[in-house]
Each structure stands twice: as C-alpha cells, then as structure tokens.
Protein chains: 4
Amino acid sequence: MATVAELDIQLVSHSDFDKPTNIDWETEASAGGSLVEFAGRACYETWDKPNPHTATNEAYVRHILDVGHMTVLEHSSATMYLRGVSRSCSHEIMRHRHFSFSQLSQRYVPSDEARVVVPEAVLKDERLTKLFLQSADVAYDAYGELLDGISESFAQEPNAVLRMKQARQAARAVLPNCAETRFVMSGNLRSWRHFIGMRAAEHADPEIRRIAVRSLRLLQQSVPEVFEDFSITTLRDGGEMATSPYVSDI
Amino acid sequence: MATVAELDIQLVSHSDFDKPTNIDWETEASAGGSLVEFAGRACYETWDKPNPHTATNEAYVRHILDVGHMTVLEHSSATMYLRGVSRSCSHEIMRHRHFSFSQLSQRYVPSDEARVVVPEAVLKDERLTKLFLQSADVAYDAYGELLDGISESFAQEPNAVLRMKQARQAARAVLPNCAETRFVMSGNLRSWRHFIGMRAAEHADPEIRRIAVRSLRLLQQSVPEVFEDFSITTLRDGGEMATSPYVSDI
Amino acid sequence: MATVAELDIQLVSHSDFDKPTNIDWETEASAGGSLVEFAGRACYETWDKPNPHTATNEAYVRHILDVGHMTVLEHSSATMYLRGVSRSCSHEIMRHRHFSFSQLSQRYVPSDEARVVVPEAVLKDERLTKLFLQSADVAYDAYGELLDGISESFAQEPNAVLRMKQARQAARAVLPNCAETRFVMSGNLRSWRHFIGMRAAEHADPEIRRIAVRSLRLLQQSVPEVFEDFSITTLRDGGEMATSPYVSDI
Amino acid sequence: MATVAELDIQLVSHSDFDKPTNIDWETEASAGGSLVEFAGRACYETWDKPNPHTATNEAYVRHILDVGHMTVLEHSSATMYLRGVSRSCSHEIMRHRHFSFSQLSQRYVPSDEARVVVPEAVLKDERLTKLFLQSADVAYDAYGELLDGISESFAQEPNAVLRMKQARQAARAVLPNCAETRFVMSGNLRSWRHFIGMRAAEHADPEIRRIAVRSLRLLQQSVPEVFEDFSITTLRDGGEMATSPYVSDI
C-alpha cells in the first residue's frame, strides 16, 4: 500500500555577514538584515545614519520596501531542502526562474517505494483517500511491471547501468503527479519574497501555498527584518495563507 | 481507452530584421543571421567588412561561434508551440530558465480525454503498450471519480468556478507523468543552441531528445547560418541525436 | 572642437507571428499583440473566445495586464539600435539584466573623434555648454597624448594589434562620461514595459527618460496593443515622461 | 590634485551550511563545499557515498566539475565589497547579468574629491601619470563649475534636494572613466567561476583581471574545494592571470 509522504522543509543555508573594515557604521540585526542595510547604505554612503527615521535596521529595511529599492534584497540568499512534495507541485515551483534547484532524479533513482503526497481535499474524506491510494498502488504496480518488461527488452544492451536508466526513464511515465519528490531550492531574498507573495496568496494551489507559508515561517525566524511585513492567517478550510502590504494584487 | 498523443512542434514566431538607416553594410542571409552579424559588427563598426575571411554571413556567424562571442546570438529569438509532450518531459524542459513558457493548465482545464505520450521503449512492445495504456485508463478513471467526489465535498462552496478548480487541482494528483501537455516556448538563439546542445545529446532522455532534434530542424530552416554547425545522426535504436563541434562535452 | 552627438533610436527587429495549424482561432492585431493573445489562450485553450469581454485583441491584452499574467508578454521581443547615448547612461541602462546588449567597444575601437552627449541642463545655457565642450576637448587631447605615449612604452610588444589595444584600454580612462556610445538592445515585451515603467518616470535621469519615451513611441507603433496603456506627457522643463496605470509607484 | 584610489576587495558574505536532520551523511569541508556536495547527492540520494573515488568532498566537487553538473554550484553564494574600481571597469563588470549589484550613485552623491583609478600602463611612466592626473584635475574642476552653474540655473526649483540632484546628474557628464566607484557584488559560485574564468584570462582588461584574480584569492580561502582548480600565474608585465582546466577557451 502506498505511503503518505509528509511535507518537510528545512533551511539548510543562509548568508552570513562580515562588515568590511574602514566603514564607520554598526547595526543590530540578523545577518541578512544587516547585509541588506549595508548594500542600501553603500549606494549613498550614509554610514552615519543621517535620517533618524531609518536609524534602526528594521526601519531601514521597511524604507527599502517602501521605496521599492528591491535590488538590495538580492545580496542575501537562503537555501531550503524540501521533502514530501508532489511532482506536480515541483513542476509548478520550478517555473520560478530566479531560483536554483537540485532535484531527486526519477530517471536515475528507482521508485521502489510508493510514497505519495495526498491533497488535503482528498485526505479529509476516507472514501476518497482509499480510492486515491488504490489508484497510486495500481500505478506503482504498473511501474514495476514496466521496469521488468523494458529491462528485458534492452537485454542486448551490455551496459547494466545504462539499461536500467533506459528502463526507469520509460517506466516512470506511469507514475502519478502525486509521487513524492525532494529537492534543494536556493534563491536570494528578493526571489523568496516574490515566491511567497505569489504562492502564499489565497488562490494559490493548496500544496504550494502550504510550502510558501512554511518557507515564510523559516525566513521570519532567520531574517525577521526582511519578512516581518508578511502576516499569516487561517482560511475557512483550515489552510493558511500569507500576505503583505508590499505584495501587489497582481 | 487512452489515446496516444503524437509530438507536434511548430515555429510560431521568430525575429525579423530591418537594417537601420545610415549603415553602409549589406548582407545576404536570413533575418536571424543578419541580426546576429549586425550586432557583432556594431561592437567594432566593421561595416566595410575589413576581414575577407568573414565577409559572408555564414563565415561571420561561424567566426562568432569560434571566438565564443555568444551574447550576439541573444538578439534574435524564436517561439515554438509544442503539443503531444508528456508532463514529465515538460517538467524537465522548464528547468531551462532562459526560456519563457505558457503551458496548458491542469488546474483550470479538465482532463476529460485520456491523452498520453507513450515512450518508444514501451511502444515497440505490444504487451507493454497494452499494460501502459491500461494503467493510464485506471488513472483517468480515478481522476473522474475524484473530480466528482471532491466537488461533492465542496458543495457548500457557492462559487461554481472555484469549486471546480479546487476539485481539478486535487484530482489531477492521480494523473500520470505521461499525460499530454501543450505549451508555448520562447527563447533567444543562444538559449535554443544551449537547449539543443544539452538535450539532443545521445544520453538525454529519448522524449526530450526527440523534441530537441525536431526544434533544431525547424531552426535550421528558419535561421540556417546559426544552426548549420549541428549535424543530426541516427542511433542504433532508430532514435536521432544531434551535436556540433561548438557544444562542449559537459 | 567636440561634436554634439544626437540621440537616434531605431527598431531593428521584432517578433513576427505565424498561427499554428489546427487552431480554430483568429485575431486582428499586430504580430506582437497576436502572439501575446495566442500564448495567453494556450494556457486555457479558450480558442473560441468564451468571454465576450475579451473577444478583441485589445481587450484581451488589457485583461492580461489587469490580472498580472505578465509571463505571456515574454514571448514577443524587440530590438533597438541606439546611437548618441552617453557612456554614463549606457552604464545605467545595462543594469537592466533581462536585456541583451552588444555595445561599441572603447577598448577595440579608437575614439578619434570627440563626440559627446550634452545634458539638456547644460545645453540651454551657452556659457555652460562652452565650458562643457572645452572640458571634453581637454579630455580627448589627453586621450590622444596617452595613446601615443602608451604605445611607445609598449614598443617592445611585437603584435601591433595587441599593442594598440593595450594603449586604447589604458588611454580611455581619461574619456568623459559624456563620450558617445552606440549599442544594440534586445528584450522581450515584459522587459521593455518594465524598462519604460521605471525609466520614463518623472524622477528618472533626463537622458535615460528621453530614451525610454523614444523607445515607447517605437513600440506603440509596432505593437500598439501591448503599449497603449502608457501615456506620454510634457514636463515643465520641456522634457517628456510616460506612465501607465499598470506601473506601480515603486 | 587628484588622488589615486587603490583597489580594495573584501568578502562580506558567504553561505553557511546546516545539514538537515535525518540525512545519514557527513562531510569535512567548508560550508560552500559541503552545500555543493549536499545538493549533488540530493539528486541521487547517494548519502552512503557508494563511489569510493568521490568519497572526499574535494573529490566529489572535482567530479561535479568533470561531468559539468554546474547547477549544484548555484546553491552557495558570495558577496564582495569593492572600492577603488574605475567607472569604466564597473560598466564592464555589470554586464555580468547573473550578479546583483548595489553601486555608489554619482547622481545622488557629489564627487567632491577627485579620486581616480590609474591604469598600470600609465602608472609605470612618470610623465604619463602626470599628464593623466592633470587631465583628471581639469575634469573635476569643470565638474565643480558645472555643479555651481547648473544649480544657479535651477534656482527657481524650490526643492533643494531635487535641485542638487539635477545639477549632479548633469555635471557628472564631464567626470572621467577613471573616476573611482564602489559597489557590492553578489552571486552564486557558478557565476563567480564564470566571471573569474572570463576575466582572469590573459587577454582581459588589466583592471578587471586584477579584480578577478583578487576575488579568486578570497574565494579560494573561503570555499577552497570549489576554486582550487584555478591556478594563478604572473605575466611578463608583472600582472597576474588565472585559469583552470575547466574553463574552456571561449
């Protein structure tokens, strides 16, 4: 019987910050917040904080968002490792071209275990869940049969590694959208803000919305100054969404 | 019974070329070839073709490739419309971040018809093909059942359009990798050369390799000067590949 | 005496459109407008125009802007050839990373002629213009002297081409920001809209603003449906600016 | 008299690495090297290091370069702060579109001090250096006069900040290419490798080559595994260059 894979997201890397020498400026903030302020001030060399309204890091970053000086957010980056994501959702996520991805290969790695991501709309109904998992089982059974059948038909191929790759890449065609995938996802804070702004919105697909909200929580812990304008709320169906006054409707 | 979708690729747009006024230079080439030569000569204002070895457009473009001045290839673009592609293949293609894509939505458009892309390795064996199509049928049946079941469970949602979207986006989770997708794909000629160089190579996945070779053929007709260094050969298994001396191994 | 270089911008390439076969849909629009509508409809296969409010190309493109479906604007591209631009302005323009540029080289091409771009704020005052051009003359004279002096100091370098390049790349260090440059600039319509939205705004530098407004005029002729939301107005100082309801303040 | 600005480059940020939980794998390497190996292994889940030839981080990263799996280098980033760079060199650097830049503004910040970057080819000759600095002095004097003259002509502008910006943005047109600039530059390790591969090469401009070699030294300290394939050598003229077997000629 197919196993239900749970979403797991971990922050595996973010940018630190070492203030360069010969700069007479200090700030009290996370590494990411400091780096953003440093880059912003470098454009005007306002190291002495001439504007009292932007003297704290929090206020400075808020000012950056107010005036739309978004490029300075690009200097700080963050990397997540995601497990328990469906292949249809990873397809959608990888359309975000400003990120870098390294994804578990279905061509190289056999899908021995049937591990699937079940949509909330299915999970809350026992009958639908059963139907869903049965359908997954049929697909994984067909995958196994195809794997065997195709490797036999490539029996003349002397290279065993190549033969298995050919079998896997053809057999995976019957695997479902809900098959679990895992991947590393890196981007700068401007890209993360854009991803969260689009995908944590109410009308996003529930799975990608859950990922966006979960990523936001990790980033709010790691770089609070750059993500604190987002607020998370609970929808009628129990799901969560997030939005910020700096995210435009479109 | 599931229908086998055939690959169809059409070139729907490419860049034309209007020589600016006050430039004393002529060339005999396709629009794309002319634009590439124009951009290359604009860097040095060699409108009088001082080098006899690069006086033809063909020779000039070859020289661009020789010296690796690849940015000038970026001024000319091409757009393809692809039908009969599997969702697992489109997932792989959309990792090419220098292209722009507009893809048929599984969330918004119902998958009433079971149309699937069958790998060559399966198609050549009647028993495997039957097994493959049966597995697809089971998946599409489950999709239909889930669509009905989920829309019922969202019966309290007054907005019918939203209700159907919620049902479709959850139900599509059981659709297979081999489900047909269709999309528009645009990129400049440098991006197309990179895509073809990587994906028309022998060890690429057979489906993406077929797409890369087919795109190459269309581009060789439309902009011969920029793609004529690629040659297409037939592999032992009947598939095709393409390569060029300007594509590095890695 | 230094010559005043005048701004000249010409559209040298844009995307054409050939409707693919087997699509039962027609539109009456420019190539770029048609391509945008085609890509938008391809996401939902609404070839039969089910929504009467978006049945014309103009209304469809306006709807795209309304809902922020900006990626479909990326399928159509345009290339400009710009002359009479200052090097400080080209520095600013080339920060727009979604464009491709091919620029006249100061390292390879000697700056024999003193051709400079004079800011409006200077041009309107005879005394300042004279001072400006004299300063340019001094710079170009120093350039000539350095060119000679450095080539002499590289006399031991047997390769004459290399010797001259070394002299030019060092001597150009004294050339002014206002030195004329020329370049080819290509981007898709989403990038052009972003460039114009940012650089045709009131507070942009007057030179880049003039370039943005001039580009807009060319694009409004070539692809009216995609740029007609921008309106051009004259500022108190006689300069022009452009804005659109779809350009956010930031 | 103009001051000679010296090149200064400091690494102000790089990616750290926290291994996710539930991964049975250890490595001994810098944060960047570990992150690259982690991302590479995540594609195949080879946590148990089945290949003894790539069991060390150094060997694993070398294998990544060998097979050209360059995307995994994108997960780790580095940020430099550069001072003592000429504006002509920053113009060239900012053509590298995969980096993010925050640069000291000539429009907003007055160039009170004449600080210039003097090319090596000039510095080694006393007479040429004197000529060079005199030319710079003339330019900065003209800048001062223009600044005064233009602000007077904008006397009717009630907003003093705006008046000064208008004066500065016009007056800077006479400043030379050699005027010092400072900027923050961020990119992932793949982008840094590409920048160094192109710009540390023998035929690059000497100033950008010096910057590329200096950046390389900082990265070799910070992420040795990812940059150790580059070797630095001294040229006949005393300058330095760097190259790697993984950098292709073009």
Side-chain angles (χ1 to χ4, degrees), chain B residues 8-23 31-32 34-36 38-46 69-83 98-110 181-191 222, chain C residues 8-23 31-32 34-36 38-46 69-83 98-110 181-191 222:
Chain B
D8 179 71
I9 307 182
Q10 299 190 42
L11 181 70
V12 296
S13 174
H14 69 343
S15 301
D16 64 11
F17 178 61
D18 287 306
K19 202 190 71 165
T21 55
N22 301 326
I23 299 282
S34 300
L35 183 48
V36 166
F38 170 70
R41 292 198 182 280
C43 299
Y44 310 103
E45 300 208 333
T46 53
H69 190 187
M70 298 303 185
T71 53
V72 301
L73 303 177
E74 297 175 16
H75 295 291
S76 181
S77 291
T79 300
M80 306 279 179
Y81 183 48
L82 297 94
R83 286 177 281 195
H98 286 119
F99 286 91
S100 298
F101 299 99
S102 294
Q103 184 175 16
L104 182 58
S105 171
Q106 274 189 338
R107 289 178 68 207
Y108 285 88
V109 181
T181 187
R182 301 166 182 184
F183 56 91
V184 187
M185 177 176 177
S186 295
N188 65 50
L189 301 189
R190 183 184 194 178
S191 298
S222 165
Chain C
D8 179 73
I9 307 183
Q10 299 189 42
L11 180 69
V12 297
S13 174
H14 68 342
S15 300
D16 64 12
F17 178 61
D18 287 307
K19 203 189 69 164
T21 55
N22 301 327
I23 300 283
S34 301
L35 183 48
V36 166
F38 170 70
R41 292 197 182 281
C43 299
Y44 310 103
E45 300 207 334
T46 53
H69 192 188
M70 300 303 186
T71 53
V72 299
L73 303 177
E74 298 175 16
H75 295 291
S76 181
S77 292
T79 300
M80 306 278 178
Y81 182 47
L82 298 94
R83 286 177 280 195
H98 287 120
F99 286 92
S100 299
F101 298 100
S102 294
Q103 183 174 19
L104 182 59
S105 171
Q106 275 190 338
R107 288 177 68 207
Y108 284 89
V109 180
T181 188
R182 299 166 183 184
F183 55 93
V184 186
M185 177 174 178
S186 295
N188 64 49
L189 301 189
R190 183 185 195 177
S191 299
S222 165

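All values reported here derive from a predicted model rather than from experimental measurement. The sequence lines fix the lettering, A, B, ..., with proteins before strands; numbering per chain opens at 1.
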How far apart are the closest heavy atoms of C/Val184 and B/Phe38, and which atoms are they?
CG2-CE2, 3.7 Å

Looking only at B/Thr46, B/Leu35, B/Asn188, B/Asp8, the option with the highest number of non-hydrogen pairs under 4.5 Å against chain C is B/Leu35

Here the pair of heavy atoms bringing B/Cys43 nearest to C/Val109 is O-CG2, 3.9 Å

Report which part of C/Thr79 has an atom under 4.5 Å of a heavy atom belonging to chain B: side chain, backbone, both, or neither.
side chain

Checking C/Arg83 against chain B: side chain, backbone, both or neither under 4.5 Å from a heavy atom?
side chain

Closest non-hydrogen atoms of B/Ser102 and C/Ala39, given as atom of the first, atom of the second and distance, are CB-O, 3.6 Å

Would a 4.5 Å heavy-atom cut-off, applied to side chains only, mark B/Thr71 and C/Gln103 as touching?
no

Proximity breakdown for B/Tyr108 and chain C, heavy-atom pairs closer than 4.5 Å
side chain

With only heavy atoms counted, which part of C/Phe101 is less than 4.5 Å from chain B, the side chain, the backbone, both or neither?
backbone

Are the side chain of B/Asp16 and the backbone of C/Ser13 linked by a donor-acceptor contact shorter than 3.5 Å?
no

Quick one: does B/Tyr81's side chain get under 4.5 Å of C/Ile23's, heavy atoms only?
yes

Taking ring-ring contact (aromatic ring centres under 6.0 Å, His included) as the test, write out the residues that go with C/His98, two or more places apart.
A/His98

Would you call C/Arg190 and B/Ser100 a side-chain contact if the rule is heavy atoms closer than 4.5 Å?
no

Looking at B/Gln10 and C/Thr21, would you say the former's side chain and the latter's main chain have a donor-acceptor pair under 3.5 Å?
yes

Side chain, backbone, both or neither of C/Ser15 within contact of chain B (heavy atoms, under 4.5 Å):
both

Interchain contact, B/Ser105 with chain C, by part (heavy-atom threshold 4.5 Å):
both

Quick one: which of C/Leu11, C/Leu104, C/Val72 has the most heavy-atom pairs under 4.5 Å with chain B, could you say?
C/Leu104

B/Glu45 side chain reached by C/Arg182 side chain, heavy atoms, under 4.5 Å:
yes

So, B/Asp18 side chain and C/Val12 main chain: donor-acceptor pair closer than 3.5 Å or not?
no

Heavy-atom pairs under 4.5 Å with chain C - which of B/Glu74, B/His75, B/Met185 has more of them than the others?
B/His75

Contacting region of B/Asn22 [heavy-atom separation from chain C under 4.5 Å]:
both

